[in-house]
There are 2 protein chains.
Amino acid sequence: MAHTARKTPAPARRLALTGDLNAPACPSRGVLDHVTSRWGVLILVALTEGTHRFSQLRRKVGGVSEKMLAQTLQLLEADGFVTRTVHPVIPPHVDYALTPLGEEVAQRVGDLAGWIEDNLGRVMAARERVALRAPRRAPS
Amino acid sequence: MAHTARKTPAPARRLALTGDLNAPACPSRGVLDHVTSRWGVLILVALTEGTHRFSQLRRKVGGVSEKMLAQTLQLLEADGFVTRTVHPVIPPHVDYALTPLGEEVAQRVGDLAGWIEDNLGRVMAARERVALRAPRRAPS
DNA sequence: CGGTATCCGTACTGATACTG
DNA sequence: CAGTATCAGTACGGATACCG
């Protein structure tokens, strides 16, 4: 859909993403929500380091509940970003890993997450600056 | 915090982001949530095309309510990603634009959003494949 | 025009308990 | 170990009404 026809002709700006995501009903909204969800981001990033077991992820992604972890993993699996591999042994053993598709998103998500980590200082500084409530007026 | 000390020594993997975001209480979680919030993403992307007025954004980001738009803009302003410029005229005129900091995140957010738009087809295809519920077993 | 204030439903979230 | 089921709290999100 995105690469076939755009409803808005998109004014030829190269960085513009005017077409798709602005439509409230577009499926890409859903995918975006899954990927950028609270735990989705963290899970994708964690999986860039390789295959993980369920409990391994649970420990690694601090603060996530079993329920949310399972639920988010299901969503990511449904979107084709994550594979779930069941080893039929006792005790149970399940591995989660990124698909090729998943690695591509995870890379971008990781970029974003990494940027935030690296620039947290700048953001915190900006926060205090704004906290002083400098009511910027337009330069007359 | 992110660039000062890491609690986990981080095994020298270059793509690993093991340090910061995994801590439940780290401020970067908050920033990440703002940026990746439902409307945060869309607003940041919209602003990469330049300065926008309130109502302009409202029209552009399909489906957003006034409340959510205002609220999200406040959050992004507080984090130092967006400037709010009030022109003291009648009728009121307020401009929103990205700060340099904002342009850096917006670029990454845009990358992610763009990837999803461009690869929506692959994701939808993957969805149907998974919908067939191929219960992958580990290759014995 | 560009908001804020208020109300209110629901969807997300997290403990807890239980199953294979 | 790896989940699912159930339940209760919260906070998110939208509609409406009103102010500067």
Side-chain angles (χ1 to χ4, degrees), chain A residues 24-25 29-43 46-47 51-78 82-97 130 133 135-138, chain B residues 22-25 29-43 46-47 51-78 82-97 130 133 135-138:
Chain A
R29 284 269 180 101
V31 178
L32 188 66
D33 283 347
H34 299 165
V35 165
T36 62
S37 71
R38 184 126 176 255
W39 305 115
V41 175
L42 267 23
I43 292 172
L47 287 177
T51 300
H52 285 67
R53 300 183 57 167
F54 186 85
S55 51
Q56 218 174 347
L57 281 173
R58 178 138 169 53
R59 263 175 273 117
K60 188 159 201 166
V61 180
V64 68
S65 67
E66 293 183 6
K67 183 187 174 183
M68 282 302 105
L69 181 55
Q71 186 174 306
T72 307
L73 282 170
Q74 282 180 16
L75 249 42
L76 293 176
E77 189 194 3
V82 166
T83 61
R84 179 176 181 273
T85 311
V86 179
H87 300 266
V89 297
I90 298 175
H93 183 138
V94 180
D95 280 328
Y96 292 92
V130 177
R133 287 215 238 86
R136 276 168 312 289
R137 297 289 153 89
Chain B
N22 294 322
R29 285 268 180 102
V31 179
L32 188 65
D33 283 347
H34 299 165
V35 166
T36 63
S37 71
R38 186 126 175 255
W39 304 115
V41 175
L42 268 22
I43 292 172
L47 287 177
T51 301
H52 285 66
R53 301 183 56 168
F54 186 86
S55 51
Q56 217 175 348
L57 281 172
R58 178 138 168 55
R59 265 175 271 116
K60 187 162 199 165
V61 179
V64 69
S65 67
E66 292 183 9
K67 181 188 176 182
M68 283 302 105
L69 182 53
Q71 186 174 307
T72 307
L73 282 170
Q74 281 182 16
L75 248 43
L76 293 177
E77 189 194 4
V82 166
T83 60
R84 179 175 181 274
T85 310
V86 179
H87 300 265
V89 296
I90 297 176
H93 183 139
V94 180
D95 281 328
Y96 293 92
V130 176
R133 287 216 238 85
R136 276 167 312 289
R137 298 287 154 86

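Within every chain, numbering begins at 1; the chains are lettered A, B, ... in the order of the sequence lines, protein sequences first and strands thereafter.
Listed for the Gln56(B) side chain is a donor-acceptor partner under 3.5 Å among the backbone atoms of Arg53(B). When atom types are taken as modelled, the side chain of Ser37(B) and the backbone of Gly40(B) share a donor-acceptor pair closer than 3.5 angstrom.
The shortest side-chain heavy-atom distance between Val35(A) and Thr36(B) does not fall under the 4.5 Å cut-off. At least one side-chain heavy atom of Leu69(A) sits less than 4.5 Å from a side-chain heavy atom of Phe54(A). Two residues are said to be in side-chain contact when any heavy atoms from C-beta on lie closer than 4.5 Å; Val94(A) and Arg84(A) meet this criterion. Counting heavy atoms from C-beta on, the side chains of Val64(A) and Leu42(A) never come closer than 4.5 Å.
Distances shorter than 4.0 Å separate none of the side-chain N or O atoms of Arg58(B) from OP1 or OP2 on dC1(C). In this structure, Arg53(B) reaches the dG2(C) phosphate: one of its side-chain N or O atoms is under 4.0 Å from OP1 or OP2.
Separation of atoms OG (Ser55(A)) and NZ (Lys60(A)) is listed at 12.5 Å; rounding is to 0.5 Å. Within the model, atoms CG of Leu73(A) and CD1 of Ile43(A) stand 4.5 Å from one another, a figure rounded to the nearest 0.5 Å. Atom-to-atom distance recorded for Glu77(B):CD and Thr83(B):OG1 is 8.0 Å, nearest 0.5 angstrom. Rounded to the nearest 0.5 Å, atoms OH (Tyr96(B)) and NE2 (His52(B)) are 13.0 Å apart. Rounding to the nearest 0.5 Å gives a distance of 9.5 Å between CD of Gln71(B) and NE2 of His34(B).
When DNA chain D is scanned in the 5' to 3' direction for atoms under 4.0 Å from non-hydrogen atoms of chain B, the outermost contacting nucleotides are dG13(D) to dG20(D).
Taking every heavy atom of residues 34-41 of chain A and every atom of DNA chain D, no pair lies under 4.0 Å. Heavy-atom distances under 4.0 Å link DNA chain D to Glu66(A), Lys67(A), Ala70(A), Gln74(A) of residues 64-75 of chain A, given in residue order.
In this entry the distance linking CG of Leu57(B) with P of dG2(C) reads 10 Å, nearest Å.
Taking five base pairs at each end of the helix from dC1(C)-dG20(D) to dG20(C)-dC1(D) and finding the rotation axis that steps the C1' atoms of four pairs onto the next four gives two axes whose angle is 50°, to the nearest 10°.
When heavy atoms are screened at a 4.0 angstrom cut-off, Pro92(B) is found touching base atoms of the nucleic acid.
Residues satisfying the side chain to side chain donor-acceptor pair (under 3.5 Å) criterion with Asp95(A), sequence neighbours excluded, are His87(A), His93(A). Remark: Ser65(B) pairs with Lys67(B), Met68(B) by the side-chain contact (heavy atoms from CB on, under 4.5 Å) rule, at least two apart or across chains.
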